[in-house]
Amino acid sequence: MVSEKYNPEKVEKRWQKAWLRAKIFKAPDFPKKTKAYVLDMFPYPSGEGLHVGHPEGYTASDIYTRFLRMQGQEVLHPMGWDAFGLPAENYALKTGTPPAETLKKNIKNFKKQIQALGFSYDWSREINTTDPNYYQWTQWIFVQLFKRGLAYEAFAPINWCPKDKTGLANEEVVGGKCERCGTEVVRKNIRQWLVKITDSKYIERLLKDLDKLDWPESIKHLQRNWIGKSEGALVDFELVTKNQEPADKFKVPSLKSPVIRVFTTRPDTLFGATYLVLSPEHPLVEAVTTSENRKAVEDYQKQAAKKSDLDRTDLAKEKTGVFTGGYAINPVNNEKIPIWIADYVLSSYGTGAIMAVPAHDERDFEFAKKFKLPIIQVIDPDLSSRENTANAITGGASAAILDAHSEKIASVAPLPRNDKEVYIGEGVMVNSGKYDGMNSVEFKKKIVEWLENHDKGKRAVNYKLRDWVFSRQRYWGEPIPIVHCEKCGNVALPEKDLPLKLPQVKNYQPTGTGESPLASIKEWVNAKCPKCGGRAKRETNTMPQWAGSNWYFLRYVDPKNGKQLADPEKLKAWLPVDLYVGGAEHAVLHLLYARFIYKFLFDIGVVPKECGDEPFVKLKNQGLILGEDNQKMSKSRGNVVNPDEVIKQYGADTMRMYEMFMGPFEDAKPWNTKGIVGIQRFLGIKEGKGYVDRVFTVIKQVAEDVQAGKLSSKNGFSKSIHSTIKKITEDIENFRFNTCISELMIFFNGKDGKPDWRPKLNKKGEWEAVGEIGKAVDMDALRAFLKLLSPFAPHLAEELWQKLGKKDFICQQTWPKHDEQRIKAKEIEIPIQINGKVRDKILVASDVPEAELKKMVLANVKIKKWLVGKPIKSFRYVRDRIISLAV
RNA sequence: GCCGCUGUGGUGGAACUGGUAGACACGCACGACUCAAAAUCGUGUGGGAGUAAUCCCUUGUCGGUUCGACUCCGACCAGCGGCACCA
């Protein structure tokens, strides 16, 4: 009788120690066999500790890692800490505890929790972004960017919290309000450091190279949208009023008079441009405004400046704007059109000015309707409906206008059209002078050529992506290694002076001037210029959290290198990352920044050519684990599950397997504590006096009984295991862990011709061997089963491996291989369908000829019943699958 | 508003390139063990009709293609996620 109960608490700790002692997860610097780099997104070690979402991704990557190792690969599987950032600093503001201290505690706790789950990380490579030996290289990368003009200082509007008197990152603004105090955020133009991610050397590659990545399509799609490429044209509109010389950058050299340059993706609608709109911040506003409109324009500008981003982009609000009094000339038809300013035109996109085509753009249409500006249709959706449309546009007033082919159509036709909707598609040109009747797609090319030939515009590409605001008015981040010298301007620190250490401060409160708390440390701020030795001041902004995380995966390869970011030979040996596992919430931030920095490092030769210029070959996103109420887990909802308690109650193996069993890895799925018992029953039960018929107890009992001579052992790898090996191998490769686990259960429970491994309890409460194992135990199959189980439940697998008399580690065994021949059944059951409905099943030899099968089917009593009086229209046999009759 | 994803029993979910829908697990019901309960084990479990054999219905809704549709096509509905005046 089995007396020993499975005790995960003891067993798991024992094996964790044994693994650590044997250093079996330590990756070599230079792998000799096939290499695999399996990476988890490293966590921010918050004070709250792990939540159940963390182990989901870590378990999946661990299963995959263990699987690859058993398949004979050498795997780099590291872990570290992304430890700069707000929570620790906020905590310091409240309590005065230095962030470094808080984090030391948090990391210790996180590490303990992660290790309790038995993940096979190489802890000798652990990194921490707040370690000066680490951020020395984060700063070094910044200096390289700066030297090449890719990091620059500028005034940029940022989110500003008026109460906390600090700039906020986008991710700290929730619903237009400050995450910390709830105050509505305003826009403030302050000095910033920006990184030129939009540089022409990179932006197109960031877009195009997505094609070669094995990432979820949805993530690639998100990045493409975020980059937001649009192709169109820049068009110059000459000003009619010439009060003043415009700023140089808006002047096309070959033109003598000042122009307003607009960007449009629809040059084909140029004949329908009935007015121009400048953003309120546009530098030419003053120049075009007439004296009688000046007051209204200036008032509007002031109002717009006061508005928060939220107000400005609120679509529910009606469009606003004012007329400047100025006019410009539409280059294609020489019409004089009014210039307005409105805050629906953004200063930061394109040229900050647009040509408005109300007939073919919804926003322009809305604006034109409100301010009674002319609406001229220039694209007809369909030639055949042309007459109807003509009536619609002109309100039936003058259909003849459409055929007038006049260069001056615009002045004849501006009948305001308030009823019809906007048409944004392709079609046939109308009201477009000599181009009428031309297909709009063709016309688009033609008119751009015309603009280029006449020096009035040119083909152009625009992107939504903006340069990356790279500074924070915060304390807990990497200091930006730049000094401002009175004579030399901005000067980067020489590499030998890195790291520029973050000094200790007494007060973490922002200064209120938009500077970080560092600004108040005089002895730190005042520095010598590295170039001229003269007086200089240090930059007091710090880097954003993304700075440390966009290259950390390079450092794991060579975590202690003091001379360079990482040894190129070691990078060659391990990079790129073969599999990256993490949450989808990083789709456009971390994953885009990391790609950019990697490409940059590739270009300057830090990342060797052999590694390629994309860091993450394959990406898998874990789905969110929801609370039991199917809602996102959050403290306020009270539906947070604490993994510590789950591990304590059920053990790490059960926790790991349950998380994998819940559903598809990439889907969001609700936690259900009751469901855990299914896994628990399968693996082994910790307490309770009843007999347990699952993995732990059975294998242990079998091992003991075989050794005691009570059962005979039969070697020879019975066929039942082969389909199990095949299924599990394929499913791990495809991250389908939920079905792996059900397959493990099926193998053990016995079904589909597989033996039932479960012993039966007799009346006396004693174990009684029946069925397959009553005769002889197939030890080879049992050992293979344990190997298949081992990536999922590594501790239990080691324990039972040992009980089977093995002295080595199961996690270092070779993954079993299946024999395709032994999976094929000699006899198969084939369903018979009549008109798509299954009426019977027939047991036949798998190689039965179709003619013979047909005879058998037609002779079948149940089938005959359905065929009475009906001629058979067709008989179809899909080998080994189905017989289908139509009557 | 635009883009993307997802809709299968009481629940989480299976179903290979179109081929027996509901694997596996939870829950529930009944039974065994127990003085009893818990734990454990066994049997059953999509809905409906029938003692039964068996039959009908069923993968968000409606239609289409096919011998055959959860799977492919079209329209619609619902939920989730992202972007949000990007010209």
Side-chain angles (χ1 to χ4, degrees), chain A residues 216-219 221-222 224-226 228-230 232 262-266 269 277 312-317 319 342-346 348-351 353-357 360-364 366-367 462-466 584-585 587-588 624 630 632 658 661-664 666-679 681-682 685 687-694 727 730 736 738-746 749 751-752 758 760-761 763-765 829-841 862 865 872-876 878 880-887:
Chain A
E217 276 309 315
S218 58
I219 300 285
H221 183 86
L222 242 43
R224 283 190 194 104
N225 282 359
W226 189 261
K229 180 179 183 175
S230 22
V262 304
F263 173 72
T264 178
T265 54
R266 297 296 303 275
T269 62
V277 188
R312 267 183 82 147
T313 58
D314 193 348
L315 275 170
K317 291 229 172 81
K319 298 242 177 317
D343 65 6
Y344 82 91
V345 174
L346 308 175
S348 52
Y349 183 79
T351 60
I354 62 155
M355 64 178 215
V357 185
H360 303 288
D361 182 283
E362 275 183 61
R363 297 149 301 179
D364 298 343
E366 211 184 297
F367 191 83
N462 238 299
Y463 300 89
K464 278 206 295 200
L465 187 70
R466 308 289 153 82
E585 68 273 17
V588 287
L624 218 56
N630 232 313
K632 233 181 207 170
Y658 174 64
F661 190 56
M662 286 195 303
E666 309 202 19
D667 288 4
K669 45 216 171 272
W671 180 271
N672 178 9
T673 299
K674 276 186 182 164
I676 301 174
V677 303
I679 299 292
R681 284 172 187 157
F682 176 65
I685 300 300
E687 276 161 41
K689 58 182 175 172
Y691 189 79
V692 181
D693 80 347
R694 301 293 164 99
K727 170 102 176 117
E730 284 173 5
R736 291 194 297 249
N738 53 335
T739 50
C740 286
I741 292 167
S742 88
E743 187 66 21
L744 286 166
M745 289 172 170
I746 289 169
N749 293 350
K751 229 200 149 185
D752 290 334
R758 296 171 299 182
K760 302 290 177 275
L761 186 69
K763 289 274 177 195
K764 284 182 245 163
E829 193 185 50
I830 299 177
I832 306 166
Q833 274 186 355
I834 298 171
N835 291 342
K837 288 192 171 155
V838 177
R839 296 304 180 184
D840 199 15
K841 290 159 195 175
K862 282 185 193 166
K865 197 174 86 185
I872 295 171
K873 278 193 232 152
S874 76
F875 179 94
R876 231 174 276 247
V878 182
D880 296 353
R881 284 232 177 266
I882 205 157
I883 298 157
S884 181
L885 287 93
V887 292

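A, B, ... follow the sequence lines: proteins, then strands. Residue 1 opens every chain.
The same atom, C1', is picked in B:G48 and in B:U58; the two are 11 Å apart, to the nearest Å. Rounded to whole Å, the separation between the C1' atoms of B:C77 and B:C62 comes to 10 Å. Separation of the P atoms belonging to B:C5 and B:C85 is 23 Å when rounded to the nearest angstrom. Going from the P atom of B:G27 to that of B:A38 covers 13 Å, rounded to whole Å. Comparing the C1' positions of B:U71 and B:U8 gives a spacing of 12 Å, expressed to the nearest Å. With C1' as the reference atom, B:U34 and B:U51 are 36 Å apart, rounded to whole Å. Nucleotides B:A21 and B:C57, compared at atom C1', are 14 Å apart to the nearest Å. Between B:G7 and B:C70, the distance separating the two P atoms is 14 Å to the nearest Å.
Shown here for A:Pro216 and A:Glu666, the closest heavy-atom pair between the two residues is CG-OE1, 4.2 Å. Considering every non-hydrogen atom in both A:Pro831 and A:Val838, the closest pair reads CB-CG1, 4.1 Å. Of all non-hydrogen atoms in A:Ser230 and A:Tyr349, the two that sit nearest each other are OG-OH, 2.9 Å. Of all heavy-atom pairs between A:Leu885 and A:Ile872, the closest is CD2-CD1, 4.1 Å. The shortest heavy-atom contact between A:Ser348 and A:Arg466 is OG-NH1, 2.8 Å.
Taking atom CZ of A:Phe875 as the reference point, atom P of B:C67 lies 16 Å away to the nearest angstrom. At whole-Å resolution of the value, CD1 in A:Ile676 and C1' in B:G27 are 15 Å apart. One atom, CZ of A:Arg736, and another, P of B:A15, lie 7 Å apart when rounded to the nearest Å. With rounding to whole Å, A:Leu222 atom CG is found 18 Å from B:C2 atom P. When rounded to the nearest whole Å, the span between NZ of A:Lys873 and C1' of B:U66 equals 13 Å. Atom P of nucleotide B:C26 and atom CZ of A:Phe682 are separated by 12 Å, given to the nearest angstrom. As rounded to whole Å, 12 Å separates atom P of B:C83 from atom NE2 of A:His221. Protein atom CG of A:Asn835 is 11 Å distant from nucleotide atom P of B:C67, rounded to whole Å.
Heavy atoms of A:Ser884 sit under 4.0 angstrom from at least one base atom. Counting non-hydrogen atoms under 4.0 angstrom, A:Val878 reaches a base of the nucleic acid. Base contact: A:Lys464 has a heavy atom under 4.0 Å from a base atom. Nucleic acid contact for A:Ala668: sugar-phosphate only, since backbone atoms but no base atoms lie under 4.0 Å from a heavy atom of the residue. Here A:Asn738 lies in heavy-atom contact (under 4.0 Å) with sugar-phosphate atoms only. Here A:Lys229 lies out of heavy-atom contact (under 4.0 Å) with every strand. Heavy atoms of A:Lys841 sit under 4.0 angstrom from at least one base atom. Among the protein residues, A:Ser230 comes within range of the sugar-phosphate backbone only, with heavy atoms under 4.0 Å from sugar or phosphate atoms but none that close to a base.
Of the inter-residue distances, the one linking A:Ile882 atom CD1 with A:Ile830 atom CD1 reads 9.5 Å to the nearest 0.5 angstrom.
Base pairing annotation: B:U54 forms a Watson-Crick or G-U wobble pair with B:A49, both donor-acceptor distances under 3.5 Å. Within the shown strands, B:C80 is the pairing partner of B:G4 under the Watson-Crick or G-U definition, both distances less than 3.5 Å. B:A75 is paired with B:U61 under the Watson-Crick or G-U wobble criterion, all donor-acceptor distances under 3.5 Å. Pairing for B:U11 goes to B:A25, judged as Watson-Crick or G-U wobble with the two contacts each under 3.5 Å. Base pairing of B:G31 is made with B:C41, judged by Watson-Crick or G-U wobble geometry with both donor-acceptor distances under 3.5 Å. With both pairing distances under 3.5 Å, B:C16 is matched to nothing as a Watson-Crick or G-U wobble pair. With a cut-off of 3.5 Å on both Watson-Crick or G-U wobble distances, the partner of B:A87 is given as none. Remark: B:A69 base-pairs with no nucleotide; criterion is Watson-Crick or G-U wobble with both hydrogen-bond distances under 3.5 Å.
Contact annotation: A:Arg681 reaches the phosphate of B:U40 (side-chain N/O to OP1 or OP2, under 4.0 Å). For B:U54, the OP1/OP2 oxygens have a side-chain nitrogen or oxygen of A:Lys862 closer than 4.0 Å. Listed pair A:Tyr344 / B:A87 fails the phosphate criterion, with no side-chain N or O lying under 4.0 Å from OP1 or OP2. Close to B:G10, at under 4.0 Å from its OP1 or OP2, lies no side-chain N or O of A:Lys674. In this model, the phosphate group of B:C56 is approached by a side-chain N or O of A:Arg839 to a distance below 4.0 Å at OP1 or OP2.
Considering only side-chain atoms of A:Pro664, the nucleotide from B:A15, B:C67, B:G13 that sits closest is B:G13. The side chain of A:Arg881 approaches B:G19 more closely than any other nucleotide in the set B:G19, B:U20, B:A87. Among B:U54, B:G19, B:A14, the nucleotide with an atom closest to any side-chain atom of A:Ile882 is B:G19. Checking B:A25, B:G12, B:A87 against the side-chain heavy atoms of A:Met745 singles out B:A25 as nearest. Of the candidates B:A87, B:A14, B:A21, the closest approach to any side-chain atom of A:Gln833 belongs to B:A21. For A:Val345, the side-chain atoms get nearest to B:A87 when compared with the rest of B:G19, B:A25, B:A87. Taking every side-chain heavy atom of A:Ser742 into account, B:A23 is the closest of B:C16, B:A23, B:C67.
The shortest side-chain heavy-atom distance between A:Arg736 and A:Pro664 does not fall under the 4.5 Å cut-off. Side-chain contact between A:Asn462 and A:Thr265 is absent, with no heavy-atom pair separated by less than 4.5 Å. The shortest side-chain heavy-atom distance between A:Tyr658 and A:Asn672 falls under the 4.5 Å cut-off.
Nearer the 5' end of RNA chain B, as judged by each residue's closest nucleotide, is the contact made by A:Ser218, out of A:Ser218 and A:Phe661. A residue-by-residue look at A:Trp226 and A:Glu362 shows that A:Glu362 has its nearest nucleotide of RNA chain B further toward the 5' end.
Ion pairing of A:Lys841 with A:Glu829 is absent here, as no side-chain N (NZ or NE/NH1/NH2) approaches a carboxylate O to less than 4.0 Å.
In textbook terms, a nucleotide whose glycosidic angle is within 90° of 0 is syn, and B:G9 is one such case.
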